[in-house]
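Scroll down for the structure; my scribbles are underneath it.
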Amino acid sequence: MTTSPATDAAASLIADLIGHGVRDLVLSPGSRSQALALAAVHAANQGHLRVHVRIDERVAGFTALGLSRETGVPAVVLCTSGTAAANLLPAAMEAFHSGVPLLLLTADRPPELRGVGANQATRQPGMFGLWVREQIDAPVPGDGDWSGIAPHAVAVAMGADAAHGLPGVAGPVHLNLPSREPLSGEIPTVDITPGEAPKPTPAEPFVIGRGPRTVVIAGADAGADAEEIAHAGSWPLIAEIVSGARFGRQIVHGYRALLSDDELGGRIERVVVLGHPTLSREVTRVLSRTDVEVIAVRRGGEELNLNGRTTPAASVSVASGPADREWLGAWLTASAAQVVDLSERAPDPDGLASTDPAERRDAVKAELAAVRRPLDRSFLADAVWRATWPHDRLVFGSSRLVRVADTVLGGKKVPVHANRGLAGIDGTIATATGIALASQAGGAPGITRVLLGDLAFLHDVGALLLPPDEDEPRLQVIVGNDGGGTIFDGLEVGATADRADLDRAFYTPHTVRLEQLALAYGWEYQRVTTRTALDQVLTTPAGGRQLIEVPLAR
Ligand SMILES: Cc1ncc(C[n+]2csc(CCOP(=O)(O)OP(=O)(O)O)c2C)c(N)n1
Ligand SMILES: [Mg+2]
């Protein structure tokens, strides 16, 4: 077998990426990317890398995003030239806006074959535009070499390169990698020594006093820091369900109502916001108030500055001083009254044990009615929340259910993920698959549950396709099926526009039989219509990939 400069460069680049912390690579098949793909598989065979193969590049991109989300280090997604590369854009945009490290590797033709009508050749350098922290159009192996690319790319993706990108903020980086024929050859022996990704140097925290009447708002991906700050300041904590901070004694239940209350929301003087809040108008409203001091801890691509005078901060720490117990107390008292009680009414044990047959019959009837009570969105969200524990992962799609969950669920310290950078309904299953694979790597316990609507499910149905010879993730995909996009039923135009037109253009009804899809892709399938059955299927997972369909009224 002959040697090829493309393969030599590819083998070194893959070794270099592993040396700088990369552990996962998702690849889609193609000819121009063959040297890189084979070098990656070679490294995987030696146990240095986990390779995941997906035929659809959009699925591959979101799978890599999920892997990166969970591990905190950039996963690589690798594809061939042409439209293949364009399919990575949605994941790149989401990674940019949610501050997730990601490396996009696109194979390309050499410069002399660009812009001259060569097959599968397009304008790849710079194609991810504003949604990457940096793009590198590498030289053709032989004309130049690829050494130095990996450490630089990983550091920028991690937000650990002070001179490039945004220090402290992770994001995607694009490496466009051209090659000439022969496109691959014998893989050279290169030393692979797995190393660590560089971490950003922690910036000086912005120190704030306990003084003004403050609330902490935790948006998507805020993480446990938000709870710590609320605790340190003795401030109420408004934590979206996708924040990873909905736990502790200071969380505020029913925050939407309380933010609209003059005595509580109306008296806020200062907000410390972490992560990216997206789930309620009430939070947007308070962050837009010019009379409120807002301090925003940045996580993703764009600065949060809804009131035009928000102070950005890399992190926040709280100076000691007297706590405003009255302020926190007022919020927590009001919060206690907002707790949503989703518990089942206890069956009548006296009736069941009664010697009077009529009394006993009534008690049995009441119990059966409770068991058969139809499922609604609140119960569905609550059942998933109850079944999920710290070693599990919970992923929310951008359907109505995430808002219901945000409204009704209480505090619990479980790892939650959601693509709220741009809140797309694309890529949810692929993202969750990446999260599952990363969180279960090395035999770690737990299961990943995904809660989403039917359209979000159908949008990413291609992600059900997984190679038979790869590690099977433990996944429960739970679809609340209301026959279309009911999130649009609340649109303002609903009051005036024609119902049939609205249905056609927004609700977009479908009659897809999810069971057939599940079976075609080799997933376990369960259709669940009662509360008892739902609890049972969630708490006794089948072990591999499971699709759970829950019919919901529109
Ligand atoms: C990629 C993308 N396309 C379109 C939208 C707009 N959108 C938001 S929710 C939604 C429908 C969701 O339907 P479903 O998942 O069934 O949830 P439901 O509203 O019925 O709960 C659409 C199309 C989006 N967010 N992302
Ligand atoms: Mg729906």
Side-chain angles (χ1 to χ4, degrees), residues 56-59 61-63 65-66 86-98 131 220 240-242 276-281 284 374-384 394-409 417-432 449-464 476-494 497 499 501-514 517 527-529 547-554:
D56 178 334
E57 288 79 8
R58 191 185 76 177
V59 170
F62 277 109
T63 305
L65 178 82
N87 280 289
L88 302 182
L89 182 61
M93 292 171 78
E94 177 59 29
F96 177 85
H97 284 279
S98 54
W131 293 281
E240 289 190 345
I241 195 67
V242 293
H276 184 201
T278 59
L279 290 178
S280 72
R281 289 182 190 188
T284 303
L375 280 160
D376 61 17
R377 288 176 185 77
S378 300
F379 189 89
L380 174 56
D382 184 56
V384 173
L394 180 53
V395 183
F396 285 102
S398 295
S399 310
R400 220 168 112 186
L401 282 161
V402 68
R403 291 176 192 270
V404 172
D406 189 57
T407 307
V408 302
L409 299 182
H417 289 280
N419 285 334
R420 299 303 301 178
L422 289 174
I425 59 164
D426 45 353
T428 318
I429 301 168
T431 304
R449 296 194 177 85
V450 195
L451 184 59
L452 78 178
D454 46 311
L455 291 194
F457 171 80
L458 292 172
H459 205 294
D460 200 27
V461 82
L464 296 181
Q476 285 187 326
V477 173
I478 303 139
V479 182
N481 189 355
D482 47 21
T486 58
I487 205 165
F488 299 121
D489 288 353
L491 284 184
E492 275 90 348
V493 294
R499 177 67 189 229
D501 292 351
L502 282 175
D503 273 7
R504 182 166 178 225
F506 298 103
Y507 176 60
T508 51
H510 68 88
T511 54
V512 178
R513 293 168 67 184
L514 304 194
L517 283 173
R527 184 172 185 274
V528 170
T529 54
L547 175 65
I548 301 167
E549 179 180 5
V550 181
L552 294 172
R554 181 166 178 187

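Both counts, for ligands and for their atoms, begin at 1 and track the order of listing.
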Handout entry: N, O or S of G484 under 2.8 Å from the Mg ion (ligand 2)
Key =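 Checking the Mg ion (ligand 2) against G484, an N, O or S atom does fall under 2.8 Å.
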Are any of the N/O atoms on [X], whether in the backbone or the side chain, positioned under 3.5 angstrom from an N/O atom of ligand 1?
X: S398; answer: no
X: L401; answer: no
X: S399; answer: yes
X: H459; answer: no

Considering only the protein, which heavy-atom contact is closest to [atom], and what is its distance?
atom: atom 19 (O) of ligand 1; value: I487 N, 2.8 Å
atom: atom 12 (C) of ligand 1; value: L455 CB, 4.1 Å
atom: atom 25 (N) of ligand 1; value: A423 O, 3.1 Å
atom: atom 11 (C) of ligand 1; value: F488 CE1, 3.8 Å
atom: atom 16 (O) of ligand 1; value: D454 OD1, 2.8 Å
atom: atom 5 (C) of ligand 1; value: I425 CG1, 4.1 Å

Heavy-atom pair of closest approach, residues [X] and [Y]:
X: L279; Y: I241; result: CD1-CG2, 4.1 Å
X: T486; Y: R377; result: OG1-NH2, 3.7 Å
X: S399; Y: I487; result: C-CD1, 4.0 Å
X: E240; Y: T278; result: OE2-N, 3.0 Å
X: A463; Y: A430; result: CB-N, 3.6 Å
X: N87; Y: P90; result: O-CD, 3.5 Å

Practice task
Find all atoms of ligand 1 within a distance of less than 4.0 Å from any non-hydrogen atom belonging to A456, and give their numbers and elements.
Solution key: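 That gives atoms 15 (O) of ligand 1.
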Problem - Interfacing atoms of ligand 1 (cut-off 4.0 Å, heavy-atom, G424) - result: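 That gives atoms 25 (N), 26 (N) of ligand 1.
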Practice task
Determine, for R554 against D489, whether the closest basic-nitrogen to carboxylate-oxygen distance falls under 4.0 angstrom.
Solution key: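 Yes, charged N to carboxylate O under 4.0 Å.
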Practice task
Examine the side chains of T428 and D460 and answer whether a donor and an acceptor come within less than 3.5 Å of each other.
Solution key: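 No donor-acceptor contact under 3.5 Å links the two side chains.
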Practice task
Determine, stepwise, if the pair L89 / E57 fulfils side-chain contact (heavy atoms from CB on, under 4.5 Å).
Solution key: CA-CA 10 Å; L89 182 61; E57 288 79 8; over 6 Å; no
Problem - D482 atom OD1 and D454 atom OD1 as seen from the Mg ion (ligand 2), angle to 10 degrees - result: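 That angle is 90°.
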Practice task
Compare all side-chain heavy atoms of R420 with those of P277 and state whether any distance is below 4.5 angstrom.
Solution key: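 No, side chains not in contact.
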Practice task
Give a yes or no on whether the backbone of S280 and the side-chain of T284 come within a donor-acceptor separation of less than 3.5 Å.
Solution key: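 Between the backbone of S280 and the side chain of T284 there is a qualifying donor-acceptor contact (under 3.5 Å).
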Practice task
Check P90 against ligand 1 and report side chain, backbone, both or neither, counting heavy atoms closer than 4.0 Å.
Solution key: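 Within the 4.0 Å criterion, P90 makes no contact with ligand 1.
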Practice task
Pick one of side chain, backbone, both or neither for how D482 approaches ligand 1, counting any non-hydrogen atom pair under 4.0 Å.
Solution key: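 D482 to ligand 1: side-chain contact only, backbone stays beyond 4.0 Å.
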Practice task
Assess G484 for proximity to ligand 1: is some non-hydrogen atom of it under 4.0 Å away?
Solution key: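 Yes, G484 has a heavy atom closer than 4.0 Å to ligand 1.
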